[in-house]
Amino acid sequence: MPEIPIYDPQVVETAWQGRWAERHTNEPDLDRPRAPFYNLMMFPYPSAEGLHVGNMFAFTGADIYGRLKRLQGHDVFEPIGFDAFGIHSENYALSVGTNPARLIPQNIENFRRQLRRLGGMFDWRHELSTTDPAYYKWTQWLFLQLFAAGLAYRKRAAVNWCPKDKTVLANEQVINGRCERCGTPVEQRALEQWFFRITDYAERLLANLDRLDWSESTVALQRNWIGRSEGVELVFETPAGRKIAVFTTRPDTVFGATYLVLAPEHPLVEELIAVEQRVAVKTYQREVQGKDIVSRKVGDKTKSGVFLGSYARNPATGEAIPIWIADYVLMEYGTGAIMAVPAHDKRDFEFAGQFGLPIRQVVKVEGEPLPSVSEVGVLAGSGAFDGLPCREGGRKIVEWLAARGAATPRVQYRLHDWCISRQRYWGAPIPIIYCESCGPVGVPERDLPVMLPVIEDFRPDDTGVSPLARHKEWYHVPCPRCGRPGRRETDVSDTFLDSSWYFLRYPSTEFTDRPFDSGRTKTWLPVTTYIGGNEHAVLHLLYSRFITMVLRQLGHVHFEEPFPKLRAHGLIVKDGAKMSKSRGNVVIPDAYIRQWGADTFRMYLMFLGPFQEGGDFRETGIVGIRRFLDKVWQLAHEAAAHRLRPALPPDVERKLHQTIKKVTADTESLDYNTAIAAMMEYVNLLRETGSGKREALEPLVVMLAPYAPHLAEELWVVLGHTGRSIFEERWPVYDEALATTGDVEIAVQVNGRLRGRVTVPRGTPEAAVVKRALADEGVKKFVDGKPIKKTIFVQDRLVNLVV
RNA sequence: GCCCGGGUGGCGAAAUGGGUAGACGCACGAGACUUAAAAUCUCGAGGGAGGCAACUCCCGUAGAGGUUCGAAUCCUCUCCCGGGCACCA
């Protein structure tokens, strides 16, 4: 037997990466595919630190799936790109004193190197970067589509302002009242901003979730975020005839509403202030305005508020009840005003207690002290409605009030319109020109892109005005409509706008005259399978769905949902904690790949735990995968040396078919850890029985190919298949009959306790199994001559004798 | 507080239309090879009790109950960990 060469992954992997590039192995025919399969993964943010193992984990898992589909005969398009605009890059650029336009290409180059080294099946012809003018030209085009459709609007509103990053943030970017990026408490500022009317689509975004094949966890997060709630708008009238609308989900408690509370910034406050309360109210309003969102929104603190000095009539009781303002009522939810029912709402109860306001119980629930919020009680103190159960009583009360015009059913969402303005430098400029006479005018398509100028002083300041405003030559432009002097919009757009459509661009990157080609789009979209992390469940994924809906409505695409199938992968943690720079536990993969090879590293990441749950990165254990690959290497070389092609022993053949069955099912369902374990079991059997023959090895090498693509290519050549990639081959097929032949071991229980085992041919009927079982010594001892009352038999698994 | 996950050997984990708990791997122990080490190979192993031993029995999937011939899996309650939302009316 010839000497078996040493497995050196560095040599094998670089060789194959070179061959893939030369032979265009990973570049499907985008115009005439037989079976298009768009395998998408969430593109990375090219930071200066490079890809960390979390990214590698996600990309490997997605790549394995793509390679499986490829081997199953699909033309798999697996593109990659870079989400390179944004505050993170900009802040880093500021800290090192270089323009991000100069830094980003270096970062991208480093990412490319790492991604190539990992052995992903990427089609590099279609790489994109959101910072490329050829890309953001169309991001700006997208903005203009929404603008023209009336879905982009400008309003002065209280927005989230991060005093450290000196920019506004979308609601989705505020975590517990803090900036998601830097953790600084977010302030409220009243600024003119651009918004997208995503709330117009709330119902559809919610309803469509039912028909998407998505990970349950992601669906739950989106549902939660959209936050649909059904209720009623009730009208309380002041003596002067001013109507105050409140939103409530508990109209059954209206008889217990003993006061009203408006948000401090509610527009009716001004005219409802009584003279003697003027000073107190104004002081309170100022106080609230200065508060940051953390101290305003985070609960479990004493309530504050002030009486306006005026009253409104409770439409149910007819009584005049006092009107207050308090910061626990938020302007952005509902109508910005509530009816307070202290007996049946925790917050109102606390507030009433603090300010000595009346508490009137109108729902009786046994054994529940006030505030009683349960909906299972019966009404009391509610006039004609006394004695009715809450829900029914609520319906009747609404009917009764509606007849008098004081109640309207209403659906309320937690979702807000998407604020897309950012007072920063490193983003796509919003393509608007302001004109004295024409107002905001969209930049004509022929003038796109509005180039982001390369400037030296891009530091943001505290004025709420973007750095671009300081660049007069860029800032001053004639109005495209009337030609008079105008000025550019100086805000750039949120990076989530960049990423809300990148999947549409990938198949069409070579077209400079359109954002996405209609033929390509029809062929490749919607995305076949999307794999990514749940950290984007309510940001990127919600925005992309919204943008796609709009594009569909405007006739640009033929589908409403961009990602019919989505799988969320888990998180890789280190020592039980999320990896982050501040914790100093970020694992950089380069050294591991250098030491063990990409194939070993890929498989190790997948073997850590279930892909969709994530796992803890520990370097112990990686050697186990390497040993496995060494064994496969050894076996394949031995098999290649065999001239004869003897038939496989029956037990090996059976195990082979069982392994194909399990690896096929587990790879399809992303249960990569158990698929790997199944291949290991098979290899162990081959070694034990000395059956490392070609027939036994070839199917294994193909199944291994998605996991360890370089090694599989190499061994495929070793096994004599020169000239074409293993990824041109077909995934092995198993024979159900062969997978289920042979003997099985059946557990024998007596009274439900395991007392013995018998080995019988598969499919042995009950009577024969029982007979064999009763002959077993251990079983005999426990049956002990007692009559058998009942026998439970599970084919090929177990028999239970009840005596 | 509300909504999702999850809790199984020393460790990462398997097994949930109820049916032999701990596959696979790491670490560990013993042995083989070696001058030695590494690598590799073989064997062992949930815990406890008894026995020289093959072996036998008991206990065991966060905890407590329950349903069942039979529960890691189903039901009820409790505890703990992770994630999301949170003064959302």
Side-chain angles (χ1 to χ4, degrees), chain A residues 175-177 215-225 227 229 231 246-250 253 261 296-301 303 326-330 332-341 344-348 350-351 373 412-416 534-535 537-538 570-571 573 576-578 603-604 607-610 612-625 627-628 630-631 634 671 673-684 687-688 744-757 778 781 789-803:
Chain A
I175 309 294
N176 287 329
S215 294
E216 276 305 315
S217 54
T218 315
V219 172
L221 288 169
Q222 286 217 350
R223 255 202 199 108
N224 239 309
W225 189 261
S229 117
V246 303
F247 175 74
T248 179
T249 53
R250 292 297 302 277
T253 62
V261 189
R296 171 150 180 197
K297 279 203 174 169
V298 171
D300 293 337
K301 57 177 178 75
K303 301 260 180 300
D327 68 355
Y328 80 93
V329 174
L330 310 171
E332 69 262 25
Y333 189 77
T335 59
I338 61 155
M339 66 172 193
V341 186
H344 305 293
D345 182 282
K346 221 178 130 214
R347 298 150 298 180
D348 298 344
E350 202 179 306
F351 191 82
V373 298
Q412 178 65 39
Y413 299 92
R414 204 184 143 280
L415 181 71
H416 298 331
N534 261 341
E535 66 271 22
V538 293
L571 199 68
V573 298
K578 200 169 166 172
M603 285 187 79
Y604 171 62
F607 196 60
L608 275 178
Q612 293 178 83
E613 282 165 40
D616 204 341
F617 186 89
R618 297 222 175 89
E619 44 194 285
T620 63
I622 191 162
V623 67
I625 295 288
R627 283 178 193 149
F628 167 70
D630 279 333
K631 289 173 194 171
Q634 179 89 15
D671 293 308
N673 55 333
T674 49
I676 293 170
M679 289 189 275
M680 287 174 166
E681 276 189 58
Y682 178 61
V683 164
N684 290 345
R687 285 162 54 84
E688 278 161 30
V744 283
E745 195 182 49
I746 291 186
V748 182
Q749 297 182 339
V750 178
N751 288 341
R753 300 184 69 102
L754 183 72
R755 297 302 181 189
R757 298 183 168 99
K781 202 164 95 192
K789 282 194 266 184
K790 192 174 166 191
T791 306
I792 288 118
F793 178 73
V794 182
Q795 185 73 59
D796 297 335
R797 312 255 352 198
L798 152 154
V799 61
N800 186 8
L801 307 169
V802 185
V803 299

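Convention: sequence-line order gives letters A, B, ...; per-chain numbering from 1. Just so we're clear, the structure is a prediction, and the values are computed from it rather than from any experiment.
Between the C1' atoms of B:G25 and B:A14, the separation comes to 11 Å (whole Å). Across the C1' atoms, B:G70 and B:G82 are found 33 Å apart, a figure rounded to whole Å. Comparing the C1' positions of B:A64 and B:C11 gives an interatomic distance of 29 Å, to the nearest angstrom. Rounded to a whole angstrom, the distance from the P atom of B:A21 to that of B:C4 is 32 Å. Nucleotides B:G29 and B:G84, compared at atom C1', are 45 Å apart to the nearest Å. Remark: the separation of the C1' atoms in B:G47 and B:U61 is 13 Å, to the nearest Å.
Straight-line distance from the CG atom of A:Asn534 to the C1' atom of B:C85: 14 Å, rounded to whole Å. Atom CH2 of A:Trp225 and atom C1' of B:C85 are 8 Å apart (whole Å).
For A:Glu745, the CD atom sits in a packed shell: over 12 heavy atoms of surrounding residues, nucleotides or ligands are nearer than 6.0 Å.
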Pairs of donor and acceptor atoms involving the side chains of residues 790-803 of chain A, under 3.5 Å and at least two apart or interchain, shall be tabulated with distances.
from	atom 1	to	atom 2	distance (Å)
A:Gln795	NE2	A:Thr764	O	3.1
A:Asp796	OD1	A:Gly763	N	2.8
A:Asn800	OD1	A:Gly752	N	3.0

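Checking B:C24, B:A89, B:U20 against the side-chain heavy atoms of A:Phe607 singles out B:C24 as nearest. Relative to the side chain of A:Asn673, the nucleotides B:C87, B:A14, B:U20 differ in distance, and B:A14 lies closest. Among the nucleotides B:G84, B:G19, B:C26, the one closest to any side-chain atom of A:Leu221 is B:G84. Comparing B:U20, B:C57, B:C85 by their closest approach to the side chain of A:Arg755 singles out B:C57.
Residues passing the side chain to side chain donor-acceptor pair (under 3.5 Å) test with A:Ser217 are A:Asn534, sequence neighbours excluded.
Screening residues 215-225 of chain A for salt bridge (Lys or Arg N to Asp or Glu O under 4.0 Å) gives A:Asp210-A:Arg223 as the qualifying pairs, with residues at least two apart or on separate chains.
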Pairs under 3.5 Å (N/O, protein and nucleotides 68-74 of chain B):
from	atom 1	to	atom 2	distance (Å)
B:C69	O2	A:Asn800	ND2	2.1

Polar atoms only, N or O, under 3.5 Å: list the protein pairs with nucleotides 1-11 of chain B and their distances.
from	atom 1	to	atom 2	distance (Å)
B:C11	O2'	A:Arg618	NH1	3.2

Could you pull out the protein-nucleic contacts involving nucleotides 41-49 of chain B (nitrogen or oxygen on both sides, under 3.5 Å)?
from	atom 1	to	atom 2	distance (Å)
B:C41	OP1	A:Arg687	NH2	2.7

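One finds no side-chain N or O of A:Arg414 lying less than 4.0 angstrom from the OP1 or OP2 phosphate oxygen of B:A89.
In this entry B:G1 has B:C85 as its Watson-Crick or G-U wobble partner, both defining distances falling under 3.5 Å.
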